[in-house]
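Notes follow the structure.
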Amino acid sequence: MPAFETLLSPVILFFILGVLAAAARSDLSVPEPLAKSLSLYLMAAIGLKGGIQVAQAGFSPQLLQVSAVGIALSFGLPLIAFALLRALAGLDRLNAGAVAAHYGSVSIVTFVTTADVLTRNGMAPAGYMVAVMALMETPAIVTGLLLARGSGLVAPGQRSKLVREVFLNGSVVLLLGAFTIGLVLGPDRYQPIAPVFTAGFTGLLCLFLLDMGLVAMRRLRESRALTWRLAALGIVLPLVNGAIGLSLAMLLGLDAGTGAALVMLAASASYIAVPAAVRLAMPDADPGIYLSMSLAVSFPFNILIGIPLITQLAPLVLG
Amino acid sequence: MPAFETLLSPVILFFILGVLAAAARSDLSVPEPLAKSLSLYLMAAIGLKGGIQVAQAGFSPQLLQVSAVGIALSFGLPLIAFALLRALAGLDRLNAGAVAAHYGSVSIVTFVTTADVLTRNGMAPAGYMVAVMALMETPAIVTGLLLARGSGLVAPGQRSKLVREVFLNGSVVLLLGAFTIGLVLGPDRYQPIAPVFTAGFTGLLCLFLLDMGLVAMRRLRESRALTWRLAALGIVLPLVNGAIGLSLAMLLGLDAGTGAALVMLAASASYIAVPAAVRLAMPDADPGIYLSMSLAVSFPFNILIGIPLITQLAPLVLG
Amino acid sequence: MPAFETLLSPVILFFILGVLAAAARSDLSVPEPLAKSLSLYLMAAIGLKGGIQVAQAGFSPQLLQVSAVGIALSFGLPLIAFALLRALAGLDRLNAGAVAAHYGSVSIVTFVTTADVLTRNGMAPAGYMVAVMALMETPAIVTGLLLARGSGLVAPGQRSKLVREVFLNGSVVLLLGAFTIGLVLGPDRYQPIAPVFTAGFTGLLCLFLLDMGLVAMRRLRESRALTWRLAALGIVLPLVNGAIGLSLAMLLGLDAGTGAALVMLAASASYIAVPAAVRLAMPDADPGIYLSMSLAVSFPFNILIGIPLITQLAPLVLG
Amino acid sequence: MIATYTRKRIDILVDAPLCEWVVEQAAAAGILHHSVLPVQSGLGRGGPWRDDDGYASVAKRMFVALTNADRVDALLDRLAPDIERCGLVIAIQDVQVVRGERF
Amino acid sequence: MIATYTRKRIDILVDAPLCEWVVEQAAAAGILHHSVLPVQSGLGRGGPWRDDDGYASVAKRMFVALTNADRVDALLDRLAPDIERCGLVIAIQDVQVVRGERF
Amino acid sequence: MIATYTRKRIDILVDAPLCEWVVEQAAAAGILHHSVLPVQSGLGRGGPWRDDDGYASVAKRMFVALTNADRVDALLDRLAPDIERCGLVIAIQDVQVVRGERF
Ligand SMILES: Nc1ncnc2c1ncn2[C@@H]1O[C@H](COP(=O)(O)O)[C@@H](O)[C@H]1O
Ligand SMILES: Nc1ncnc2c1ncn2[C@@H]1O[C@H](COP(=O)(O)O)[C@@H](O)[C@H]1O
Ligand SMILES: Nc1ncnc2c1ncn2[C@@H]1O[C@H](COP(=O)(O)O)[C@@H](O)[C@H]1O
Ligand code: NA
Ligand code: NA
Ligand code: NA
């Protein structure tokens with residue numbers, strides 16, 4: 001299937017509709033509670049699905065290997081991002097550290113869209129990748145903070161809040177919780193809830209990506225802090241991180257779907273969990289920089305270019 | 001099937017439940033974000049469905065004919081409404097123009113309910129009627145404004161906002177956008193999202209009409225500006241406009257379903273897109289008049305009398 | 001099937017996930033409009049289902065018997081609760097009356113979860129139990145008020161509001177309204193909305209119970225007014241009321257499923273309709289007591305212990 | 001320069017189920033027009049609450065009215081016996097308004 | 001003690017569709033920074049409304065800005081011809097702020 | 001006539017993720033009771049934001065407390081070093097309250 005075909009999936013077309021509507025300054029908008037509800041739903045659904053697949057396939061040593069690699073990526077990728085942001089865009093330590101934390105972490109929606117597209121192309125990633133994603137969400141925050149501040153610079157009162165934000169973040173808890181429920185349920189007991197969590201999945205993902213398109217484009221239009229260098233890095237970083245992810249996937253001998261998912265986890269940048277934690281730990285870093293880069297540049301790039309690209313590439317170099 | 005049977009559809013029964021609950025002053029209410037979310041969903045769903053039907057049936061010259069007629073109706077119907085409102089209800093120019101704009105435009109929910117009922121009676125309207133509806137939404141605002149003010153009376157700063165409101169109104173963009181997505185997808189690629197947008201449709205429409213019943217009846221109970229003459233016109237105008245629509249449908253030789261849909265588009269009055277634009281362009285017109293007429297009188301009339309009537313009539317005089 | 005198996009249903013596992021997340025002080029939370037929307041949906045769905053079952057099974061004299069017993073329970077159970085609360089927990093009249101009203105009324109979510117679990121265990125309760133539940137919601141408020149205040153102590157201006165709250169409460173209206181719609185529709189005309197109201201039911205219930213777990217546990221963590229005696233009574237009252245319900249179910253000769261549902265209606269305590277009415281009629285009673293008992297103690301007890309227990313017990317002693 | 005007049009703004013924090021009652025009391029005191037703002041969370045003597053705790057807590061509203069001093073006094077007199085019992089939190093401020101005859 | 005400065009707070013109750021226009025007028029009067037609070041229900045000369053009535057009523061917003069007296073006057077002058085027509089409800093108060101140079 | 005007392009109302013506009021921290025600072029300054037109002041959109045030095053932009057912007061809250069002058073001062077002293085860094089927008093007003101002993 002040509003790369004172009006991937007763009008014709010309903011999910012991506014709704015994303016494009018959102019982008020165009022916001023670019024034309026239409027007043028189309030998705031109510032905030034719907035967006036929040038859809039994101040809860042999507043996390044519960046992929047958590048469950050992952051758990052059930054692992055319940056069927058059984059635990060494999062690969063699960064542990066890939067988890068370890070994922071955690072290492074989340075800790076490590078911010079180092080590269082930090083260096084590039086300092087050298088090429090001239091960001092100060094604080095803002096470079098804040099942005100780096102985002103690129104070490106992952107975008108859940110990018111992962112979900114990737115999995116959806118891969119599955120329709122006959123390359124469903126392994127179920128445990130959901131757990132790997134959850135594990136990759138927060139280590140990057142630690143690295144980003146250390147880079148920005150050196151050690152020990154979080155105010156004492158804030159520290160416990162930050163630890164909670166990092167380890168008990170709602171999305172981490174929901175993903176791992178639903179994953180565990182899926183493991184416990186197994187395929188049979190999952191049947192009664194399959195109509196909601198399986199049959200409804202792609203359709204609801206369309207509505208969510210419509211919103212993401214609107215939000216990303218509005219952000220792009222309104223961002224003042226986004227220089228050309230930063231925008232360029234918003235494309236370079238996913239490519240660099242994705243390449244690193246791909247090399248590791250080859251080293252680990254992952255199948256095409258699972259490897260492609262790892263690549264997109266590495267390539268994607270957080271715009272939910274990390275911004276909230278960064279706001280808490282580095283309130284003086286500029287959200288105009290880190291949100292615009294991850295949400296308005298890297299996210300659309302990954303959806304519109306990254307996913308079609310890896311869908312073409314993965315079967316050639318992996319598996 | 002007797003007209004009475006039409007009232008026994010789940011959609012209409014939930015509307016009646018809403019009306020009764022509000023009439024009894026129950027505190028039953030539907031959270032605003034749910035109502036907004038359902039209306040986004042309904043627009044995406046009918047847009048998609050229309051696009052897919054056109055993708056299957058192919059473009060027909062009729063599509064262009066009916067579109068032209070629809071636009072002409074939207075521009076033209078306010079003239080009649082304006083004359084009747086001035087002559088029979090003694091409204092001033094400003095308020096008569098404001099109300100007229102509503103009756104030239106369309107009610108999406110009335111259309112959706114019509115299509116649902118017609119389809120269950122074996123008279124599904126042509127897919128392109130969704131696009132016709134989107135085209136009919138906003139021209140009426142221009143006529144209404146000219147009638148109310150003569151030309152050139154919108155404050156300069158407001159004009160660009162009004163143009164955006166008229167052409168890039170969220171519902172127009174979503175309807176035409178989803179229609180286009182449907183066209184591009186075609187029936188096969190639509191399959192993964194069919195459970196949400198097709199199977200879920202009638203059930204979710206029930207919840208939406210429950211809310212509409214509550215809202216319409218509450219409006220009726222609380223409206224102070226609604227005189228008996230205005231209320232009577234809220235019934236006369238749908239009949240007059242519907243009759244005009246029916247004549248045109250006969251002239252064009254439309255099939256029963258498509259023709260009935262055109263009739264209900266003509267007969268229905270906007271209560272979403274137009275009120276917002278009127279509030280912007282004529283803030284001194286009284287919403288107590290235009291909202292009460294379109295929402296509290298014409299909307300229930302169309303749902304409870306208009307749809308059953310046309311469902312009986314259409315197969316006799318059309319197609 | 002062992003009691004333990006009941007806990008492995010997806011619905012209960014999501015409840016436990018919510019409880020654990022709140023206990024760990026995660027920031028996971030369900031947006032309020034989603035919770036409200038889900039509860040509207042659940043009420044509409046069980047109302048419809050009940051009505052359709054009665055339409056199929058026909059009216060039975062049992063329906064009237066069980067309704068009368070339900071109303072009697074709702075009026076009568078608060079007397080026992082009041083006596084126990086005064087004697088064992090030393091509550092003053094006002095607060096004892098307020099709490100008693102909650103235990104005479106019912107928890108819709110407990111009922112829905114019970115029905116879901118019973119149905120999966122081959123003991124679906126009779127359809128009319130939904131109507132019985134609606135009838136049991138509000139009589140308890142009257143008894144609670146009389147106990148707290150003696151007669152005539154509601155301020156005159158409040159009385160009409162209270163009557164509306166009691167008889168036209170949103171949940172009573174929606175349950176009975178949807179029940180009636182189900183009766184009118186019957187199984188055939190229900191088909192088009194079955195995907196939403198039947199296929200989607202258990203999955204959406206999971207999301208709702210996730211929220212209930214979060215909310216109940218947060219309440220437990222933050223409640224200051226909850227003494228050990230009150231907490232103990234939050235477990236004793238469901239057991240006492242459930243035992244009374246069971247005796248009546250045996251007397252009436254109900255089948256296992258219907259009887260088990262009556263038991264759980266008796267055992268459960270309201271935390272939606274009654275708190276609102278009590279806040280209106282007895283603003284000086286302490287919500288810290290009545291909400292904590294019904295929501296943070298009895299609700300989880302009923303879900304985690306009560307339902308598995310009665311699922312085991314009912315087939316042995318009933319029907 | 002457009003003329004402004006000194007009037008009062010009264011804000012009343014009230015439990016959602018009692019809000020309609022405050023509106024009625026205000027109307028009886030001659031304060032017909034008002035607005036109600038949502039409140040998201042809070043902490044009082046009754047402990048913390050948040051509006052997305054649904055049933056677990058009693059949500060609050062903020063009743064706001066611009067009016068004149070006499071009507072504020074009339075409203076306070078009507079509310080006085082219930083302020084404690086209903087846990088009303090009331091704040092009154094001087095404000096400048098335009099169209100003074102409206103308030 | 002941190003220094004505080006006397007400035008003005010202006011609150012404008014406005015129909016949601018006209019809110020953007022108020023924001024523009026404020027900007028033209030030099031009041032660039034502002035916040036908009038949601039309003040949930042209300043009662044005015046046009047009768048009652050509530051925001052969950054969706055299409056049945058015109059929702060309101062509350063525009064709030066902290067600024068200085070001159071800019072408030074400039075804004076009032078700009079709004080003056082439309083206050084009645086657009087049904088604006090305006091309240092101005094003295095407030096103490098920190099970082100006085102910002103307002 | 002019911003007695004009223006002069007107290008202070010302090011309003012603090014704060015980023016949602018930092019709201020809990022403001023609440024803690026207030027508690028440490030003796031301001032235990034407070035309410036938090038939602039804010040829907042705004043414009044500041046950091047550009048425009050709106051709460052339905054989800055992840056695209058940092059939502060704001062409005063912390064509101066009625067209290068006395070001493071506690072307001074204590075709170076300002078605690079917040080002083082972070083006001084600039086955290087972008088707090090603070091407004092303090094005199095208000096009349098009933099049940100003066102509560103505040
Ligand atoms: N001093 C205060 N300032 C602002 N809000 C308050 C204050 N006292 C109480 N409240 C609000 O009123 C609610 C009820 O207060 P209470 O009746 O003391 O529990 C609290 O949860 C707060 O939302
Ligand atoms: N005196 C007032 N105090 C507070 N809010 C008001 C006042 N007058 C009007 N409002 C608000 O402004 C809205 C429109 O007022 P009106 O234009 O008079 O219908 C009302 O529905 C209220 O929400
Ligand atoms: N002068 C002001 N009046 C009202 N709200 C303000 C003002 N300045 C800032 N804000 C609010 O505080 C937010 C953050 O401001 P800033 O830190 O300047 O970006 C803005 O988006 C507004 O919502
Ligand atoms: Na990454
Ligand atoms: Na029309
Ligand atoms: Na009970």
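Note on naming: letters A, B, ... go to the chains in the order of the sequence lines (proteins, then strands), and numbering restarts at 1 for each one.
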Residues of residues 124-139 of chain B with any heavy atom under 4.5 Å of a heavy atom in chain A
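The residues closer than 4.5 Å to chain A amount to none at all.
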
Quick one: which residues of residues 172-179 of chain B reach chain A at under 4.5 angstrom, heavy atoms only?
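Interface residues of residues 172-179 of chain B: Val173(B), Leu174(B), Gly177(B), Ala178(B).
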
Roughly how far, to the nearest 0.5 Å, is CG of Leu185(A) from OG1 of Thr180(A)?
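One gets 10.5 Å once the value is rounded to the nearest 0.5 Å.
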
Could you tell me how the ring of Phe299(A) sits relative to the ring of Tyr271(A): parallel (under 30°), tilted (30 to 60°) or perpendicular (over 60°)?
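The arrangement is perpendicular - the two ring planes meet at more than 60°.
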
Step by step, work out the side chain to side chain contact (heavy atoms under 4.5 Å, CB included) result for Thr113(A) and Ile307(A).
CA-CA 8 Å; Thr113(A) 312; Ile307(A) 295 179; 3.9 Å; yes

Please answer whether the main-chain N or O of Leu265(A) pairs with a side-chain N or O of Ser268(A) as donor and acceptor at a distance below 3.5 Å.
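Confirmed, Ser268(A) side chain pairs with Leu265(A) backbone.
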
Taking Thr143(B) for its side chain and Phe75(B) for its backbone only, find out whether a donor-acceptor pair lies under 3.5 Å.
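Answer holds: yes.
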
If contact means a heavy atom pair closer than 4.5 Å, which residues of residues 16-25 of chain A contact chain B?
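Within residues 16-25 of chain A, the residues under 4.5 Å from chain B are Leu17(A), Ala21(A), Ala24(A), Arg25(A).
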
N-O pairing of Asp116(B) and Lys49(B) below 4.0 Å
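Salt bridge: no.
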
Carboxylate-amine/guanidinium contact Lys36(B) Glu32(B), below 4.0 Å
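Glu32(B) and Lys36(B): salt-bridged.
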
Check each atom of Val30(A) against the heavy atoms of chain B and say whether the ones under 4.5 Å are side chain, backbone, both or neither.
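Both backbone and side chain.
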
Toward chain B, the part of Leu207(A) with a non-hydrogen atom under 4.5 Å:
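For Leu207(A), side-chain heavy atoms alone lie under 4.5 Å from chain B.
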
[X] versus [Y], closest heavy-atom pair with distance:
| X | Y | value |
| --- | --- | --- |
| Ala269(B) | Ser294(B) | CB-CB, 3.7 Å |
| Ala35(B) | Asp211(B) | CB-OD2, 3.2 Å |
| Ala98(B) | Ala285(B) | CB-CB, 3.9 Å |

Most heavy-atom pairs under 4.5 angstrom with chain A, which of [options]?
| options | value |
| --- | --- |
| Ala194(B), Gly200(B), Gly170(B) | Gly170(B) |
| Leu48(B), Ile193(B), Leu34(B), Leu40(B) | Ile193(B) |
| Ser37(B), Ala276(B), Pro33(B), Ser171(B) | Ser37(B) |

With sequence neighbours left out, write down each residue that passes ring pair (Phe, Tyr, Trp, His ring centres under 6.0 Å) with Phe111(B), or none if nothing qualifies.
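With neighbours one apart ignored, the set is empty.
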
ring-ring contact (aromatic ring centres under 6.0 Å, His included) between Tyr41(B) and Phe197(B), worked out:
CA-CA 8 Å; Tyr41(B) 163 82; Phe197(B) 291 108; 5.8 Å; yes

For Thr202(A) and Arg120(A), what are the C-alpha separation, side-chain angles and deciding distance, and is it a side-chain hydrogen bond (donor to acceptor under 3.5 Å, both in side chains)?
CA-CA 11 Å; Thr202(A) 312; Arg120(A) 298 206 184 293; 2.8 Å; yes

Is the closest side-chain heavy-atom distance between Phe15(A) and Pro300(A) below 4.5 Å?
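Yes, at least one pair of side-chain atoms sits under 4.5 Å.
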
Worked verdict on Met212(A) versus Leu295(A) for side chain to side chain contact (heavy atoms under 4.5 Å, CB included)
CA-CA 9 Å; Met212(A) 291 303 306; Leu295(A) 183 64; 3.6 Å; yes

Options Ala199(A), Ser26(A), Pro31(A), ranked by heavy-atom pairs under 4.5 Å with chain B, top entry
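If we count pairs closer than 4.5 Å to chain B, Ser26(A) comes out on top.
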
